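Worksheet: the structure to be examined is printed underneath.
Predicted model, so just to flag it, every value in this text is computed and none were measured. Per chain, numbering begins at 1; letters A, B, ... match sequence-line order.
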2 protein chains.
Amino acid sequence: MTVAEKIRTRFDQFTPAERELANTLIANYPMAALGTIMELAHQAKVSTPTVMRTIKKLGFTGFPAFQTALHDELKQTLSDPIDKHDHWANNVPAEHILNQFVTSITNNLRQSLKQLDPESFDDVVTLLSDKKRSIHIVGGRITHAFADYLQTHLQVIRKDIHMLPASSGLWPHHLLNVREGDVLVIFDVRRYEADLLELAKLANERNVKIVLFTDQWLSPITSYTTHYFSCRIEAPSGWDSGVVTLFLIESLIAAMEEKLWPETSSRLKELEDIFDFTGRFKR
Amino acid sequence: MTVAEKIRTRFDQFTPAERELANTLIANYPMAALGTIMELAHQAKVSTPTVMRTIKKLGFTGFPAFQTALHDELKQTLSDPIDKHDHWANNVPAEHILNQFVTSITNNLRQSLKQLDPESFDDVVTLLSDKKRSIHIVGGRITHAFADYLQTHLQVIRKDIHMLPASSGLWPHHLLNVREGDVLVIFDVRRYEADLLELAKLANERNVKIVLFTDQWLSPITSYTTHYFSCRIEAPSGWDSGVVTLFLIESLIAAMEEKLWPETSSRLKELEDIFDFTGRFKR
DNA sequence: ATAATTATGTCAAATTTATTACAGAAGGCA
DNA sequence: TGCCTTCTGTAATAAATTTGACATAATTAT
């Protein structure tokens, strides 16, 4: 039984001042009761003890209890529809790792998107689509795979995509090829790697634009970047999840594809032809 | 400018504890801040002064002012007829690529999980957790990154993880090391690669257990496998999405971790020690 | 390795808020 | 009208929340 219902059922037992309050409460429910008891009393043009008495008549022990009840109602009302997919996988108990994981992942996605600045996203798309800039990609121990994935896809879209070697000893050498205005895409999640930070510092001094993919705690590299993406990586396991990171990578690629369609389409066609010729791929 | 936006724009100026708080706040916004400052602090697992400082950093004179601002927002939100839960990203039209993508991805996840046989999943976990079997991993042009990712994580969990070389010319040679009863994990999505099919055939003849990650149209390799996962890869772009594939990989890893915890925990500890020793990683 | 700096929590003071007691006001009834 | 009952607000009190000062822990720089 909601607070509003309680009020309605006992309305006839109320005194005039209490009805005044009840009306105010129902009129802009449940906002009126968000603040202090004094604010509510003032809104309804009654005294605080009147509010007190009304609340007790409704069965609450005090104002805090009343407010908590309203808060809980609000939470229910505003809770996201996604949460209703309690478990997604078929015939599997909710405790199964698959369901635990899917809950985590959707939470991560939702939260990451809430924090994401869309303008920043669009800016990065523009930056990476600028054919005058070469793009250099580097990842860490875990994130190496994402750097690889990004490179594979970007190479189809445009030219001048370079992946930094896996061994950090070779980075200074590679940095000679990186010119001012080029873009360096760095993947760095905890535990943050010292070599990557050093690389970012050097690149920043050379006026290289840095785009960073990191986690919700932000790699220290953040301070050298022009744009960064913070991807939530929480997972019900000892490791972190890269799903949100991959999601963002693919979204970026899709956005770039749209932006660069004329060039992309011809490059794609060429690629298809090459595949057909080599016969490595089945139709 | 909403409180959420303020948090997002100043997120990188926050200290770790403040970020913890900011995340909690955004995670269930604006419900988390409905109660007292102490409740909020407890939820975010920080102290009340930390909440205090964060709020002041955001430009509020104190907690009551902060809460009033949130209340005002809530009033606006609840009186606003537009359902803001329709799209996930903030302040972005529903047509933005981010929202299109998130819709696709959640659909892919839902559908893939519906089709997934949980028993098969558990069987694969058992298979990969069997320390008597060596594990060999191979991916194709696009899926190479996933093979890499799987290998990186499995190597932490257990020994005898091998990645097949990128060049398919070396595969027959590598196959000599693969013994009967070993597991070969193959990633193959369209366009399916002829070399991978050949490899699967050979491996099958040698009584190697094959676990396949493929898409909803199923790679021809499926007929040689003991278990396969069909991951929906639909995306609103010219390319396919690997998000579901990554999701399954991580779920597998999490499940294996749980199963092999004794061994995993000691390996993890050793790994941490090595990291600390090399100093390559920041704390 | 050590010092300086920064970050964070504990605790106590200050402020605000909720609650209670009580007195006066309003309305009903002889 | 005058008395009684019920209602309502003022003001004092109790409880709680918020805020600030400070010490300790953690981090960073030297």
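Contact check of residues 10-19 of chain B against DNA chain D (heavy atom, cut-off under 4.0 Å) returns no residues at all.
Taking the six-membered ring for Trp and thresholds of 30 and 60 degrees, His136(A) and His162(A) have nearly parallel ring planes, at less than 30 degrees apart.
Nucleotides of DNA chain C lying under 4.0 Å from heavy atoms of chain B occupy a range whose first and last members, 5' to 3', are dA7(C) to dT10(C).
Within the structure, the side-chain hydrogen bond (donor to acceptor under 3.5 Å, both in side chains) test picks out the following pairs touching residues 209-219 of chain A (sequence neighbours left out): Asp188(A)-Ser219(A), Tyr192(A)-Asp215(A). Applying the side-chain hydrogen bond (donor to acceptor under 3.5 Å, both in side chains) rule to pairs touching residues 56-65 of chain B yields Glu18(B)-Lys57(B), sequence neighbours excluded.
Cation-pi check for Lys6(B) over Phe60(B) is met; the charged atom lies under 6.0 angstrom from the ring centroid and within 45 degrees of its normal.
For the pair Ser134(A)/Arg179(A), a side-chain contact is recorded, criterion being any heavy-atom separation below 4.5 Å from C-beta on. Looking at heavy atoms from C-beta onward, Leu74(B) lies in side-chain contact with Leu34(B) at the 4.5 angstrom threshold. Side-chain atoms of Trp239(A) and Val156(B), non-hydrogen and from C-beta on, do get closer than 4.5 Å to each other.
Each of Lys56(A) and Glu39(A) has a nearest nucleotide on DNA chain C; the 5'-most of these lies closest to Glu39(A).
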Worksheet entry | Phe187(A) and Ile249(A): CA distance, side-chain angles, deciding distance, side chain to side chain contact (heavy atoms under 4.5 Å, CB included) verdict | CA-CA 11 Å; Phe187(A) 292 85; Ile249(A) 292 171; 3.5 Å; yes
Discussion item. Pair Gln67(B), Ile37(B) - check side chain to side chain contact (heavy atoms under 4.5 Å, CB included), show working.
Written reply: CA-CA 9 Å; Gln67(B) 215 167 33; Ile37(B) 193 173; over 6 Å; no
Could you pull out all donor-acceptor pairs under 3.5 Å where a side-chain atom in residues 45-54 of chain A meets a protein atom, sequence neighbours excluded?
from: Ser47(A); atom 1: OG; to: Thr50(A); atom 2: OG1; distance (Å): 3.1
from: Thr54(A); atom 1: OG1; to: Thr50(A); atom 2: O; distance (Å): 2.6

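The aromatic ring centroids of Tyr149(B) and Tyr149(A) lie 6.0 Å or more from each other.
Axis angle between the ends of the helix from dA1(C)-dT30(D) to dA30(C)-dT1(D), five pairs each and rounded to 10 degrees, works out to 20°.
As rounded to whole Å, 16 Å separates atom P of dA14(D) from atom CE of Met52(A). Computed from coordinates, the Ile55(B) CD1 to dT17(D) P distance equals 15 Å when rounded to whole Å. When rounded to the nearest whole Å, the span between CZ of Arg53(B) and P of dA21(D) equals 12 Å. Rounded to an integer number of Å, the gap from Ile37(A) CD1 to dA14(D) C1' is 14 Å.
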